[in-house]
Each structure stands twice: as structure tokens, then as C-alpha cells.
Amino acid sequence: MYYHKILVIGGGLAGLRAAIESAPKVDTAIISQVHPVRSHSGAAQGGVNASLANNPAAKDDTWEKHAFDTVKGSDYLADQDAVEFMTKEAGPCIYEIEHWGCPFSRTDEGKIAQRPFGGAGYPRTCFAADKTGMYMLHTLWERSVKLNVPLYEDRIMVDLVVEGDAVRGVICLNMKTGELEQFMAEAVIIASGGSGQIYGRSTNALISTGSAQSTCYRRGVPLKDMEFVQFHPTSLFGTNILMTEGARGEGGYLVNNLGERFMSKYAAKAMELAPRDIVSRSIQTEINDGRGINGQDFVHLDLRHLGREKILERLPGIRDLAINFVDVDPIEKPVPIQPGQHYTMGGIDTDISGATKFKGLYAAGECGCVSVHGANRLGGNSLLDTVVFGKKSGQVAAEYVLGKKTTKEGEGAMNKCLRETKARIDGMLSRKGTENHSDIRAEMKETMIKKVGIFRDKPLMEEALANVRALKARFANITVQNKGKGYNLDLIRALELEGMLDVAEAIAVGALKREESRGAHSRLDFKERDDVKFLQHTIATYSPKGPVITYSSVKVTKYKPEARRY
Amino acid sequence: MSEQRVATSKVAGTWAWAFQRISAVLLIVFLGVHLYAAHFMDVGAETGEEPLITFDEVSLRLDQLLYIVVDYGMLSMVLLHGLNGFRTVLFDFDMFVRRKKLIDVTLWVVGIGTLIWGIVILFPFISGAGG
Amino acid sequence: MKISSFKWLFGRNSEFWPTNMKTGMWAWVGHRLTGLALVAYVFLHLSFISTASMAEGGADFDALMETTSQPLFVAMDFLLVIVVIYHAMNGLRVVLFDLGVGIRRQKLVFWVTMAISAVLIVGGLLAIWHLVFPEGVA
Amino acid sequence: MAEGDLTLKVQRFDPTADKLPYWQSFTVKPRPGMTVLDALFEVLNHQDGTLSFRFCCRAGVCGSCAMVIGGKVRLACETQVAQFVGKGDLMLSPLPHQPVVKDLAVDYTHFFDRLKKVKPYLVGKEPYPEKEYIQSTKERQPINDPIDCILCGSCTSSCTMAWTNSDYLGPAALLKSYRFLADTRDSVPDERLDIIEGESGVWRCHTQFNCVEVCPKKLNPTEAIQKMKIKAFKRKLFGRRGTKK
Ligand SMILES: Cc1cc2nc3c(=O)[nH]c(=O)nc-3n(C[C@H](O)[C@H](O)[C@H](O)COP(=O)(O)OP(=O)(O)OC[C@H]3O[C@@H](n4cnc5c(N)ncnc54)[C@H](O)[C@@H]3O)c2cc1C
Ligand code: HEM
Ligand code: SF4
Ligand code: F3S
Ligand code: FES
């Protein structure tokens, strides 16, 4: 049995940031399914928001304005105290990462460069070419090396050990050896990223399955606002690899088959830089109305007018991706794009410090939901979320552990949980069913994107829920072909799927019950926002029969809900 | 997690490398002179009739200090460059890196030994022509 | 189907052979082999001269030099010339890289130095030929 | 096998069960835009659940999926299969000379251990400025390339020096070292040079250029290494002044 005072699950930005914060004070270790630098945060392109006012066009930008944009972008579902905290901390957090080595792009004066992003009143998104996430991720990993933070890589968390109202540790599957390992701890910080792979057409990494999130869910940790799923307007047609919002921030156009910049119809002022939910819906409407290019499921992202120079300097990664994956050089041709699933606004229900219902259990990053993104996240705010709340949860966890009197409790619970997990996995391995779990996975993804997608309505979602439940039933009848130990992808993917089905159900139920349109949750049968009934967070709690939905109130401080126009 | 130790000691690395380059360039010069002198230049009275290297011819040549310098210089360069290069080759392999001390000492002994040997070899030529 | 050790060594996806191995790699292999061969040669050369030169008046030395005009030795000399010139010219290329010259165009540099080597080698071989067989081959 | 199908020949090896690696053939039907990674998933999902390989971002940024594809080290997620159709079997094997965890998944432990030896982190001048360090676009120029390294390991696993000398830091680690050496914000160039000028540092590089050939991000570790050689030598000649840029 391994023992560390604090365990951080996930080596993405949020996990690393948390570990960096707590490691100097309390013995902290990182557990990650992949090596930290492989984490999905590395795929983030566009940038990270902070009101540094470095851009000449943003001289009078302040954190209050950032907060307002965020709240408005969230369609007023964000908790405003959390938003204020995040936007206030943004500057210091960005400077900190810069001091640790993050190679941000620079302005003429040598300061951190900032670009315009959707839904923001000022150019406020700090960037490093179009690989911001990767540079930040590498920087934080490097920092963790400097601090000598122990790392357990190639380990996937398969169970959470809770006893009474406190967390005791986690059970991990060592992917290299195939053995189950017990990690005991005083506090656990979950930073396992999003669960985008539940959806088809996802821009997320293939490991963004939310496996740790669903594990917690099954152990009684409630999920919040799961029905809010962001669709990014511009993902490559076919592979759904992301074309950053920065492409539009730098001045890219969206064009339909008639050659119109159709955004003028939907957001005359902000045009291509309206928030993501609006742009995605606009593109989807164009496609649905037959104005996709050649009548197909995509429109064009046109960057040609930016010129070779600017594309090479500001968007080199985008260019490589377009060349490698659709064989289009944006310098010469417009890029075919379509909306794709991008971000899960919802997640493990936490308070402003990342704390959950269980003592010692924290969550940060995309897997959690403090709620700073509400019903729709602004581009560049989630990288900020990971570092600000990663840091916060690290701090709070360290304080909690330092203030704790008894340690190393719960060996019994650890062992019991290990036995249960072992039985669960052995059970899965010995099933001799007729179903192929990858088919179930594909059907789930298809169902979710088609029926709980950009536009939703009751009949579709009911169908989706029925489908997901049918898939769950079929899952009981799968076979895992690979009975081996080392790097058993077959087993891992089956375990992931089991969790994803639970979460998919929570998403569908939450979405069905929310009878309004708000942010990314856009219902054809309830087109208006309903602040009387639904200015509330959806809380889904696991039960074997399906999620139990309750609601909790939204914290409104300064900004009173009003209509959202761009 | 492995400990973060500094990769290696800072022994001859830099100098060995620099020396290999410097000796390489010098060698090109020496080699040019050596080959030209040995094969294409007639120092002796005899002419093109007997182009092959003969004892007398070599002796005659080595009468001049310049050629003694060239030949000995070349010899030492070749040895240093060659053995230093050989050392590089060895240290590209784990098993030899582990025996670094031993190899360094051995190579120095071999090098100096050979140099003396080489110096001695040419004595007959030098003295032969003189006496 | 097991992977045969031959395949492991030389197969299309051989584990042993560098897969994107291009000019730079081969140039280095050549350089190393020729370097080692030259070290061997130096010792041979020295022992040759030493056995001969020790004798009085250099008679043995001249006799030895006679034998070196045998075809076998001439062939060895040819080889030596090729080896030396390759090693020297590629060595020059390496020195250029060390000075920071031409790293981004390493392939071009390689082919240029090799072209020069080729000229030198042909010249060298012709020179030996004329030295050994001044009247042409009988 | 139908017209236009592609046969993958995958090197299989389970160190706990097999003595030697072996090849296994699978046939997949290429779709437009299908990548090698997609093809592997096709096999995993529908033909053989026991296959193992590494993956994550499937967009060429995480560095998980480097392997030998058709005789060349490449990223599986960035390589379209169309180019191989009709050219015989497509051979897939793990990164050369790396310990195999299973099939195409290799163990990166040693790779990262070497990386950790070069102090792979910025040591900024302290106290930190109140805001950001000022660094002009021109000052950032030298690190523009090296920061793009995704640590895929292709280079180090293709450098024969790293095969035979397990201490050799290898091109990836050296490039990382250069990335910080060349960063105007870094304050410990001497410590960095101390590390890379050891016997296992830059001098082990014999300008093979394999690292340059294989790098999927088209980086140039050789150039970085050569520059560091010159820096180290200058320092030997001129003392610490030689370290100055
Ligand atoms: C293509 C793309 C582009 C984006 N661009 C931007 C942008 O420009 N600006 C912006 O602000 N945001 C952007 N985002 C969003 C942002 O990147 C993510 O929200 C953020 O990186 C999430 O970070 P994280 O640390 O929470 O999780 P991740 O980076 O996803 O890390 C998750 C970690 O958890 C580990 N893990 C997961 N499950 C387990 C388990 N069961 N056991 C053990 N370990 C586990 C993984 O190994 C990984 O290390 C983008 C997202 C995508 C998809
Ligand atoms: C004539 C001019 C010569 C030049 C310009 C030259 C140049 C070089 C250079 C630059 C290197 C370093 C290569 C590297 O580090 O990658 C080298 C290595 C070497 N040289 Fe020479 N050399 C010459 C002659 C010789 C001779 C005469 C010998 C034999 C004694 C020799 C033996 C070697 C050996 C053994 C190596 C090491 C091989 C290696 O590291 O791969 N060289 N040479
Ligand atoms: S330098 Fe290139 S090949 Fe080497 S690890 Fe970095 S990205 Fe991969
Ligand atoms: S392959 Fe190796 S030898 Fe040098 S040039 Fe690259 S590090
Ligand atoms: S899967 Fe990330 S680089 Fe290929």
C-alpha cells in the first residue's frame, strides 16, 4: 500500500498546479493515467484570460469587466463569488506561470501578448502562439520536477475509498503491470479532466472519458450542471480536431456556401467573436438549412485574408493541423469546419475552494464544477479555471491535512474497497457475453451528439435516455477479449465505458428536466431562459436506478440577470 | 522516479572534443606536407628515375630540421588524434564508460610508448644520413 | 510468425537499424570505421618501418620498399588513400558543423565534401599509379 | 481481402509471455482521412482486443503515439493511411531500442529520467518581478523552435549513441537544456553548461542527424547541441564570460 498525505489524480494543468501548491508544505504525489505532458491540457490552443491590459486596445480592462463578461457568457448561471475570485486571481496566476518559464508570445514592449476571444469585451486572452495549453502544461510539469513531486504514471484510478464522510484514498490499476494498487491518503484532489468522449464529434483527447469523475459519482459524490456541454464552433470536418477560437480572434471569417459571412445574421456586433454557444448554433442552423458547403455538414473558416506572415507567426499549429488532417493549407484555401463537442461545464460539485461533500476530497479543473462557467464557458476561461482553482484546492487541501489530528485511518476501508474493485474487474473479465463494448461506446457517442446535442427537445432526449439505458443493459453482456495484464486497453476501455454510461445518463436526465434554454443548453421546445424556475444548479446524485436530481441556488452578487445580446 | 543526479563528471569532455578538432585540422596540413615530401619531392641527387622511397632519400630529407619537425609533429598528432578518437568510440558504450579511469591511463601509456617508439625508429634515418 | 533475427537486424521495420537513417548517419558510420582503420594502419605502418629501419645502412628498408610496389600493396595503398581522404573530408564537414556552419543544410554539405573527396581520391590514385608504374604497366 | 484494403503487420510482444516479438497481420478498410491511429483502433475494437498501443490527444501534440510506421518513425495520429494503400503491407513496430510494455507501447521511464537530469525547468532571476519578465519578441526568437518539442521520444530512440550509452542525455534532453539556456529569463547558464558538457552530454553527439530526420515537429536538436558545444568551449577558453550570450 502506498501512502502520501495528498494524492492528486490527474497530471493535467489543474492537477499539476494543485500539486505544485501543496507539495512544498505537505507530502504530495501525482497519479496519472498518462505522463503529465501527455495530458489533454496540452491540446489547448487559443490562450488563457487575464485582464493584464497589455494590449493597446485593452488599456482600461479590469478584473471586474472580465468578471462581467464571464457571468454574462455563462448566461448568469455562474456563481458570481467564484467568478470574482477567479478573475481577480487571474493576473497573479498568469505572472506566476510566466515566472516559471511559460514562453508566452510577446507584445512589442516585451510583455505577455493578448488577443481577442469570443464573448470578451477586450483583447484579454494571453497566448503563446497557438499552443498555449502545451506550453503551460510543460511549464507546470517542469515546475513539478523542480519541486521533486513524486509521480505515479500509467495508473488509472478505478475506485475511490470513502468511509463515513471522509475520503481514505484511491484504488488504481497499474497499466504496465495490470495489478491493482492501493493508495492511501489524507486528502485526494481529483483533477482528471473532462468527459468529452461521451459525445461523438468531440474535440477532446481520447482519454478524456471522465473515468475518475464517474468513479467518484458512483461512490456518492454529486455531479453538478452536467447537461451543459459546450460545442465548439470550429472543429475540423471529419476528425473534429480543434481549430482554435484564436483563428477567429486573429480575424478569421466564417463563410457558408453562398460565400456570406453569415454571423451578421446572428450577432451583428460581435460577428465571429460572439460566445461559442451562439456561434455553434449559428453554424448548425446554416448547415441544417442547407447552406453548408456543397450541402454537406460543414462551413468554411477563411483565414486567407490574414496573410501568410500572420498565419505563420500566430497560428502555425492550426496550419499544420489543417495540412495534416484535411490536406488544406489555410494560407491558400478555406478550412472545412463544423461544431464539435468541446467542454463539459458541469462536473463534480464543489464549493469555491474545490471542496466536495466528503472531507478531504477536492476537485479542480474541467472535472469539477465550482461553477465559474455556468451554462456556457468563454474561450480562455478554462485554462484559467485550472490554474486558479488548482492552486486553491492545493492550498486548501494542504491546510486541511496540516490541521488534521489523526492520520492513516481507514486501512479496513481500503482493503474492503480493493476486494470490491477486484471482484468488479474479475467479474468483467470473466463475462462471456455477446456484446462488443466498442460498439456500445460508438452508439452512446452517436446518441449523445445527435439527441442531446446543440439543439435539444423533449422527444429526442427521451429517446436518448432510453437508448443510454438500453446500452447500460447491454453493457452487462459484454466480453473483454484481453485477459492479459500489461497495458490491457480492452479492459481499460470497458471500465471507462461503464462510467461514461452513468454520466451520459446524468446528462440526459438533467437536460430533460431543465425546461428552458440557457447558454449551451438550447431547447427547441423551451426557447426562453426561465430565471424563475431554473436559475439553479442541477445536482445529480448516483443511485443504482439512475440519477436523483435536486437543485441548488446560484450565487448572484453584483450582476443581475438580464437578456444576453452580442 | 529516479534521483536527479548530475549526468556525469566534467572530465576531459570539452578539451578532448576541442583537441580532436584542432588536431584534425593540423593533421590535414601535416598530411599534405608529409605525403608531398615523401612521395613527390626529390630531395636527393637522383631524379625521377628512382621515384620510390629509399633509405638514402629519406635520410637526406630528414637532415633538414623542418622535416624532422613535420614527421615527429605528424606522428604525435596522429597518435593523439587516433587514440583520442578511439577513446571516444569506447566511451560511446556503457561498459567502457564504467572503466573510464583504466582506459584513460592505458591510452596515455600506449600513446606515449608508441610516440617514443616512433621517435626511435627514425633515429637511423637521421643519424644514417649524418654519418 | 516469429520475427527472424535477420529481420530484426535488417528487415524493413527492423528494430536494430535506425529507421529514418539518412546521410548524416551513414556519414558517421563511415567516419568511425575509417577512423578506426586508420589507427590500425598507423600501428602497422610504424612496425613496418621499425623492422626495416633497424638494419644497418637501410638495406632492409629499401628492400621493404621494393616489396611495397607489389600489386597487393598497391591495392592496399589505394584503399588507404580512399580511407584517408574520406575521413579527412568528412572530418572537415564535422568541423564545419562544430563551427556552426551548414547544420541546416547538412545533406548539401555532405554531398559537396564527398564531391571534393571524389576528385581528391581520383587524383591520389592516379598519382600512386604513376609513382609505382612510371612507365605504365608492362 | 478486397481491392483497396490495407494489411497492417503489427509487431506483437508481451514481455511477460513471449520470448520473441512476432508479426501479426490485420486487414482494415481505409476511409478517407483515416490515420494509422484510427486503423489501430479499428483493429482493437473489431478484430483483436488484445492489441496495445499508446495514444491520447490524436492531434499530434501529446507525443504518445510515436512508433515505426512503414520503416519510419512517425506519429500514428498524424499519419494518413491512404499513402500506404497498394504499396504492400504496412509494418508497425514500437520505437526502436526502447523497452516494450506491450506490443506498440513502450516504456518512457528512462527517457524521462534522462530529461530530468538537465534541470528541465526555468530558474528565473529572483526576486520575481511584480509583473511578467520583459522579453522582446527578438529575445524569444531562439526558443521559438525548441519549445515546440512534444517529448515524443522519437529522436532519442533513433540516436545510436543513446542506444549504446545509457547515460547519454540524448537529443530530446539536450534540446530541452538548450531551450532554457537560450531563454533570456533563465539565470543559471553555468549550471546548465556544467551538466551538458560532461562526458554524457553534448560530446556524445556525433552529428548523426537521425534526430532531425525523425522529429515529427521538424525541430533541429543537432543545431541546439552544436550551439551548446560552442558555448561550452567558449566558456572553457574565456571562463564565465564565455557563457554570456
Ligand atoms: C482542443 C481543445 C482546445 C482547448 N483550448 C482551450 C483554450 O484555448 N483556452 C482555454 O481556456 N481552454 C481550452 N480548452 C479547455 C481546456 O484545455 C481544458 O478544460 C483543461 O485543459 C482541462 O485541464 P484539466 O487539468 O482539468 O484536465 P486534463 O488536462 O484533461 O488532465 C486530466 C488528467 O487526468 C488524468 N486522468 C484522467 N482520468 C484518470 C484516472 N481515472 N486515473 C488517473 N488519472 C486520470 C489524465 O491522465 C490527465 O493527466 C481546450 C480544450 C480542448 C479540447
Ligand atoms: C587527415 C585529417 C583528419 C581529419 C580532418 C580528421 C578529422 C576527424 C574528426 C573531426 C573527428 C571527430 C569525429 C566526431 O567526433 O564525430 C575524427 C575522429 C577520429 N579520427 Fe580523424 N581525422 C583525420 C585523420 C585521422 C587519422 C590519420 C586517424 C588515425 C590515426 C584518425 C582517427 C580517428 C578516429 C579513430 C576517430 C574517432 C572516430 C569517431 O569518433 O567516430 N583520423 N577525425
Ligand atoms: S525533439 Fe522532436 S523527436 Fe525529439 S522528443 Fe521533441 S518532438 Fe519528439
Ligand atoms: S541523432 Fe544523436 S548523434 Fe547527435 S545529431 Fe542527433 S543526437
Ligand atoms: S496521440 Fe497525441 S501525438 Fe499522437
Side-chain angles (χ1 to χ4, degrees), chain A residues 34-35 37-40 42-43 52 91 94-96 98-101 103-112 128-129 131 134-135 138-139 142-143 145-146 154 175-176 205-207 238-239 241-242 317 320-321 324-327 436 438-439 442 480-482 484-490 493, chain D residues 14-17 32-33 35 41 44-46 48-64 78 80 101-103 105 107-109 112 115-116 119-124 128-137 139-140 143-144 147-151 179-180 183 185-186:
Chain A
V34 292
H35 189 280
V37 299
R38 316 265 185 249
S39 295
H40 178 55
L52 306 181
I94 300 303
Y95 289 141
E96 201 170 52
E98 199 272 342
H99 296 155
W100 294 342
F104 283 108
S105 292
R106 299 288 167 164
T107 63
D108 293 341
E109 297 118 69
K111 295 185 184 165
I112 297 174
K131 295 178 190 154
M134 180 190 139
Y135 298 146
H138 280 231
T139 304
E142 287 155 11
R143 184 76 189 171
V145 171
K146 178 156 198 257
D154 283 331
M175 293 165 71
K176 278 187 200 150
L206 298 170
I207 64 159
T239 50
I241 287 168
L242 187 79
D320 284 349
L321 289 176
N324 284 339
F325 291 94
V326 284
D327 200 15
N436 179 340
S438 61
D439 291 342
V480 175
Q481 278 185 27
N482 190 352
K485 293 252 174 208
Y487 224 80
N488 189 340
L489 285 183
D490 204 20
R493 282 168 71 77
Chain D
D14 179 355
T16 57
T35 63
F41 267 110
L44 175 72
N45 288 342
H46 298 117
D48 187 345
T50 64
L51 189 65
S52 301
F53 48 94
R54 282 183 190 273
F55 57 87
C56 178
C57 68
R58 60 105 172 79
V61 290
C62 75
S64 303
E78 257 187 8
Q80 308 272 328
V101 177
K102 188 164 169 286
D103 302 337
D107 190 344
Y108 276 95
T109 314
F112 280 108
L115 199 66
K116 284 185 203 152
K119 281 189 197 285
Y121 42 80
L122 189 85
V123 183
Y128 293 135
E130 200 179 309
K131 294 190 166 179
E132 66 269 60
Y133 286 110
I134 299 298
Q135 181 180 48
S136 69
T137 317
E139 284 170 332
R140 188 183 184 268
I143 62 168
N144 281 355
I147 52 175
D148 274 354
C149 171
I150 57 173
L151 301 176
R179 175 245 174 281
F180 290 109
D183 196 319
R185 298 169 294 173
D186 192 60

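The sequence lines fix the lettering, A, B, ..., with proteins before strands; numbering per chain opens at 1.
- Comparing A:N436, A:D327, A:V480 by heavy-atom pairs within less than 4.5 Å of chain D, the highest count is held by A:N436.
- Rounded to the nearest 0.5 Å, atoms CG (D:L122) and OG1 (A:T139) are 8.5 Å apart.
- Considering every non-hydrogen atom in both D:S52 and A:G486, the closest pair reads OG-O, 4.1 Å.
- Here the closest heavy-atom approach between residue A:Y487 and residue D:F53 is recorded as CE2-O, 3.3 Å.
- With a 4.5 Å cut-off on non-hydrogen atoms, D:A59 touches chain A through its backbone and its side chain both.
- Of the listed residues (A:I207, A:V326, A:L242), the one with the most heavy-atom contacts under 4.5 Å to chain D is A:I207.
- For a residue to count as touching a neighbouring chain, one of its non-hydrogen atoms must lie under 4.5 Å from one of that chain's; by this rule D:L44 touches chain A with the side chain only.
- Looking at D:I143, only its side chain comes within 4.5 Å of chain A, counting heavy atoms on both sides.
- In terms of non-hydrogen atom pairs under 4.5 Å with chain D, the most contact-rich of A:R143, A:H40, A:K131 is A:K131.
- With a 4.5 Å cut-off on non-hydrogen atoms, A:E96 does not touch chain D at all.
- Atom CZ of A:R106 and atom OG of D:S136 lie 9.0 Å apart (nearest 0.5 Å).
- Counting heavy atoms from C-beta outward, A:H99 and D:Y133 have side chains that approach closer than 4.5 Å.
- Between D:E78 and A:F325 there is a side-chain heavy-atom pair separated by less than 4.5 Å.
- Among all heavy-atom pairs drawn from D:T50 and A:N482, the shortest one is CA-ND2, 3.4 Å.
- Ranked by heavy-atom pairs under 4.5 Å with chain A, the list D:S64, D:G124, D:A17, D:A105 is led by D:S64.
- For D:Q80, the part sitting under 4.5 Å from any heavy atom of chain A is the side chain, from C-beta outward, and nothing else.
- Taking the side chain as every heavy atom from C-beta outward, A:R493 and D:N45 approach each other to under 4.5 Å.
- Residue D:P15 does not touch chain A at all, counting heavy-atom pairs closer than 4.5 Å.
- In this structure, chain A has heavy atoms under 4.5 Å from both the backbone and the side chain of D:I150.
- Atoms CZ and CD, on D:F180 and A:E142 in that order, are 3.5 Å from each other to the nearest 0.5 Å.
- In this structure the side chain of D:R54 reaches within 4.5 angstrom of the side chain of A:D154, judged on heavy atoms.
- Taking chain D as the reference chain and counting heavy-atom pairs below 4.5 Å, the highest number among A:S105, A:G42, A:G91, A:G317 is found for A:S105.
- Of the possible polar contacts, none joining the D:R58 side chain to the A:A205 backbone as a donor-acceptor pair under 3.5 Å is found.
- A cation-pi arrangement, defined by a distance under 6.0 Å to the six-membered ring centre and an angle within 45 degrees of its axis, is present between A:R38 and D:Y108.
- For A:I112, the parts lying under 4.5 angstrom from a heavy atom of chain D are both the backbone and the side chain.
- The part of D:E130 that comes within reach of chain A is its backbone (N, CA, C, O), which places non-hydrogen atoms under 4.5 angstrom from that chain.
- Salt bridge present: A:E98 and D:R185 bring a charged side-chain N and a carboxylate O closer than 4.0 Å.
- Atoms SG and CG, from D:C57 and A:L206 in turn, are 8.0 Å apart once rounded to the nearest 0.5 Å.
- Comparing D:T16, D:D14, D:T137 by how many heavy-atom pairs each has under 4.5 Å with chain A, the most go to D:T137.
- Between A:S438 and D:H46, the shortest heavy-atom distance links the atoms OG-NE2, 4.1 Å.
- We find the CE-SG distance between A:M134 and D:C149 to be 7.0 Å, quoted to the nearest 0.5 Å.
- Between D:P120 and A:H138 there is no side-chain heavy-atom pair separated by less than 4.5 Å.
- Dense packing is recorded around NZ of A:K176, with more than 12 heavy atoms of other residues, nucleotides or ligands lying under 6.0 Å away.
- In terms of heavy atoms, D:G49 sits closest to A:Q481 at N-OE1, 2.7 Å.
- D:F112 and A:H35 have parallel rings, their planes meeting at less than 30° on a 0 to 90° scale where 60° marks the start of perpendicular.
- Here the CG-CG distance, from D:D103 to A:L489, works out to 9.0 Å after rounding to the nearest 0.5 Å.
- A donor atom on one side chain and an acceptor atom on the other are found under 3.5 Å apart for A:Y135 and D:D148.
- Of the atoms belonging to D:R179, it is side-chain heavy atoms, and not backbone ones, that fall under 4.5 Å from chain A.
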